[in-house]
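Every chain is numbered from 1, with letters handed out A, B, ... down the list of sequences. Please read these numbers as outputs of a predicted model, since none were measured by experiment.
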Amino acid sequence: MPELPDVEIFKQYLESTALNKEIEKVEVPGRELLENVSASAVKKALRGGYFSSARRHGKYLFIQAGKGRWLVLHFGMTGFLKYFKRDDSRPGHPRLLIHFTNGFQLALDNQRKFGKITLSEDPASFIEERELGPDALQVDPAYFRKKFGTSRARLKPALMNQKYLAGIGNVYSDEILFQAGLHPWTTSRDLGERDMKNLLVQTGRVLEQAIESRADPGRMPASFIIPHRHGDGQCPGCGGALRKERIGGRTAFYCPQCQRKK
DNA sequence: AGTACCACCTGACGGC
DNA sequence: TGCCGTCAGGTGGTAC
């Protein structure tokens with residue numbers, strides 16, 4: 001479930017492996033993931049060039065391959081990057097393979113084909129076209145207060161709405177609400193000033209701590225609910241049983257004891 | 001505007 | 001052992 005922290009880790013991984021290496025060949029075994037672009041256009045855009053930088057917005061990764069030339073990746077539910085040399089370390093479901101002249105390859109692996117691959121001349125216009133909200137780590141408090149202070153949506157679907165904030169999905173929305181002590185069913189605009197402020201603070205805190213933990217539940221702080229998001233998980237705060245419930249079409253986990261309804 | 005539901009896709013898992 | 005239904009969850013569409 002790559003959400004903002006996971007994609008940030010992919011970005012760092014890419015930056016530490018695949019930048020400034022000449023691209024020799026490009027394969028697109030997963031044409032189904034291509035969006036508004038042909039495989040030959042992707043090959044033509046990348047072959048002979050090199051990746052010079054990467055940017056992330058929400059769950060999207062933008063990789064620059066020249067002036068006005070960006071490779072855009074979305075990881076869907078199961079996507080990840082792998083930089084490798086030997087064929088026996090090639091991941092199981094490569095959908096895009098970039099061969100470098102140094103003998104290494106970068107794979108976008110995506111078991112369930114919910115990811116996307118496309119090209120863009122400019123990340124900013126891509127973000128605008130998709131109507132993505134600001135990155136969840138770069139939110140102006142006034143914007144946040146306005147969006148969440150007027151929305152009639154429940155808190156959980158509101159946090160997951162990419163038009164409000166970009167980057168939060170099912171798992172991290174649970175964590176943010178848990179850290180903020182807010183009930184997922186609470187109507188967004190019913191929040192008081194204090195809770196509203198706290199929600200924004202916790203959003204940043206949770207995402208930053210998740211990145212520090214390398215988006216790995218095993219490394220997250222003991223106070224996090226994420227490692228307990230399963231059948232009979234217990235609240236890391238009060239030890240009570242977590243509740244599992246369908247909210248906005250997603251499976252939510254929360255602590256009915258620690259997360260009060262407003 | 002918000003919600004509910006479906007489809008996309010593949011693999012894991014539980015029940016029988 | 002093996003078949004079948006269900007679940008996982010990001011996005012995007014439709015209908016209400």
Side-chain angles (χ1 to χ4, degrees), chain A residues 1-11 28-37 56-62 72-82 90-96 107-118 120 126-133 135-136 143 146-178 183-191 207 210 215 217 225-233 242-254 261-262:
Chain A
M1 16 90 244
E3 303 180 29
L4 186 153
D6 310 86
V7 179
E8 179 64 26
I9 298 303
F10 298 157
K11 171 177 176 272
V28 192
R31 311 221 161 189
E32 310 93 306
L33 274 67
L34 293 173
E35 209 179 57
N36 308 322
V37 75
R56 183 192 56 70
H57 186 94
K59 304 173 190 175
Y60 282 90
L61 184 61
F62 300 90
V72 185
L73 302 180
H74 190 287
F75 296 87
M77 281 175 56
T78 54
F80 63 91
L81 295 176
K82 181 152 188 189
R90 167 202 284 246
H93 317 273
R95 309 301 181 194
L96 175 67
L108 166 66
D109 187 283
N110 211 311
Q111 181 198 104
R112 285 172 242 178
K113 303 174 177 174
F114 287 176
K116 290 176 209 156
I117 303 168
T118 190
S120 170
F126 180 91
I127 290 160
E128 200 178 327
E129 280 161 27
R130 301 294 162 119
E131 299 180 69
L132 293 175
D135 184 81
Y143 169 89
K146 189 178 170 206
K147 272 290 176 217
F148 285 77
T150 57
S151 170
R152 304 180 204 207
R154 310 292 181 172
L155 282 180
K156 184 177 170 72
L159 280 173
M160 292 172 61
N161 187 338
Q162 302 301 297
K163 292 183 181 180
Y164 290 2
L165 298 180
I168 300 167
N170 194 33
V171 171
Y172 285 98
S173 59
D174 279 357
E175 188 67 61
I176 290 164
L177 290 171
F178 177 70
H183 198 286
W185 276 108
T186 301
T187 299
S188 184
R189 66 173 185 181
D190 289 350
L191 286 185
L207 297 174
I225 200 182
I226 287 177
H228 309 280
R229 277 183 96 265
H230 54 77
D232 42 22
L242 294 181
R243 186 162 294 168
K244 180 180 171 183
E245 214 168 276
R246 203 97 183 141
I247 304 178
R250 301 262 88 92
T251 306
F253 285 85
Y254 66 97
K261 219 167 195 161
K262 294 288 168 199

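- DNA chain C is contacted by A:Met160, A:Gln162 of residues 156-166 of chain A, taking any non-hydrogen atom closer than 4.0 Å.
- A salt bridge between A:Arg154 and A:Glu245 is absent, with no side-chain N of the basic residue lying under 4.0 Å from a carboxylate O of the acidic one.
- Residue A:Gln111 holds its CD atom at 8.0 Å from CZ of A:Arg95, rounded to the nearest 0.5 Å.
- Annotation: the span from A:Phe62 atom CZ to A:Ile127 atom CD1 amounts to 4.5 Å, rounded to 0.5 Å.
- A:Ser173 and A:Ile168 get closest at one heavy-atom pair: N-CG2, 3.6 Å.
- Rounded to a whole Å, the NZ atom of A:Lys146 is 12 Å from the P atom of B:dA1.
- Atom-to-atom, CZ of A:Arg130 to P of C:dT11 comes out at 11 Å; the value is rounded to the nearest Å.
- Note: CD (A:Glu35) to C1' (C:dG10) measures 12 Å, nearest angstrom.
- Interatomic distance, CG of A:Asp135 versus OH of A:Tyr60, reported as 13.0 Å (0.5 Å rounding).
- The nearest whole Å value for the distance from the CG atom in A:Asn110 to the C1' atom in C:dA8 is 14 Å.
- The distance from atom NE2 of A:His230 to atom NZ of A:Lys244, rounded to the nearest 0.5 Å, is 11.0 Å.
- Between the CZ atom of A:Arg246 and the C1' atom of C:dA8 there is a distance of 9 Å, given to the nearest Å.
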Pairing annotation in dot-bracket form, given for DNA chain C with Watson-Crick or G-U pairs under 3.5 Å and | for cross-strand partners: .|||||||.|||||||
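- In this structure, CG in A:Asp6 is found 14.5 Å from NZ in A:Lys11, a value given to the nearest 0.5 Å.
- To the nearest 0.5 Å, atom CD1 of residue A:Ile117 and atom CZ of residue A:Arg31 are 10.5 Å apart.
- Side-chain atoms of A:His74 lie closest to C:dT11 of the nucleotides C:dA8, C:dT11, B:dT3.
- Between A:Phe75 and A:Phe10, the ring planes lie tilted relative to each other; the angle falls in the 30° to 60° range.
- Residue A:Arg154 places at least one side-chain N or O closer than 4.0 Å to OP1 or OP2 of B:dT3.
- What you find for A:Val72 and A:Ser120 is that their closest heavy atoms are CG2-CB, 3.7 Å.
- Note on A:Arg189: nothing from the nucleic acid sits closer than 4.0 angstrom, heavy atoms only.
- To the nearest angstrom, C1' of C:dG10 lies 17 Å from CD of A:Glu131.
- Positionally, the nearest nucleotide of DNA chain C for A:Phe253 lies more toward the 5' end than for the other of A:Lys59 and A:Phe253.
- Among the protein residues, A:Gly249 comes within range of no part of the nucleic acid, since none of its heavy atoms lies under 4.0 Å from any strand.
- Summarising the geometry, the separation between CD on A:Glu245 and P on C:dA8 is reported as 13 Å, rounded to the nearest angstrom.
- Rounded to whole Å, the distance from NE2 on A:His230 to C1' on C:dC7 is 16 Å.
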Under 4.0 Å protein heavy-atom contacts per nucleotide of nucleotides 7-14 of chain B, with B for base, S for backbone only and - for none: -BBBS---
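- The minimum heavy-atom distance between A:Glu3 and A:Val171, with the atom names listed, is OE2-N, 2.9 Å.
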Derivation and outcome, side-chain contact (heavy atoms from CB on, under 4.5 Å), residues A:Asn110 and A:His93: CA-CA 6 Å; A:Asn110 211 311; A:His93 317 273; 5.9 Å; no
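- Using P as the reference atom, C:dG5 and B:dC6 are 16 Å apart when rounded to the nearest Å.
- C:dG2 and B:dC9 have their P atoms separated by 27 Å, with the value rounded to a whole Å.
- A:Ser151 comes within 4.0 angstrom of the backbone, heavy atoms only, and of no base.
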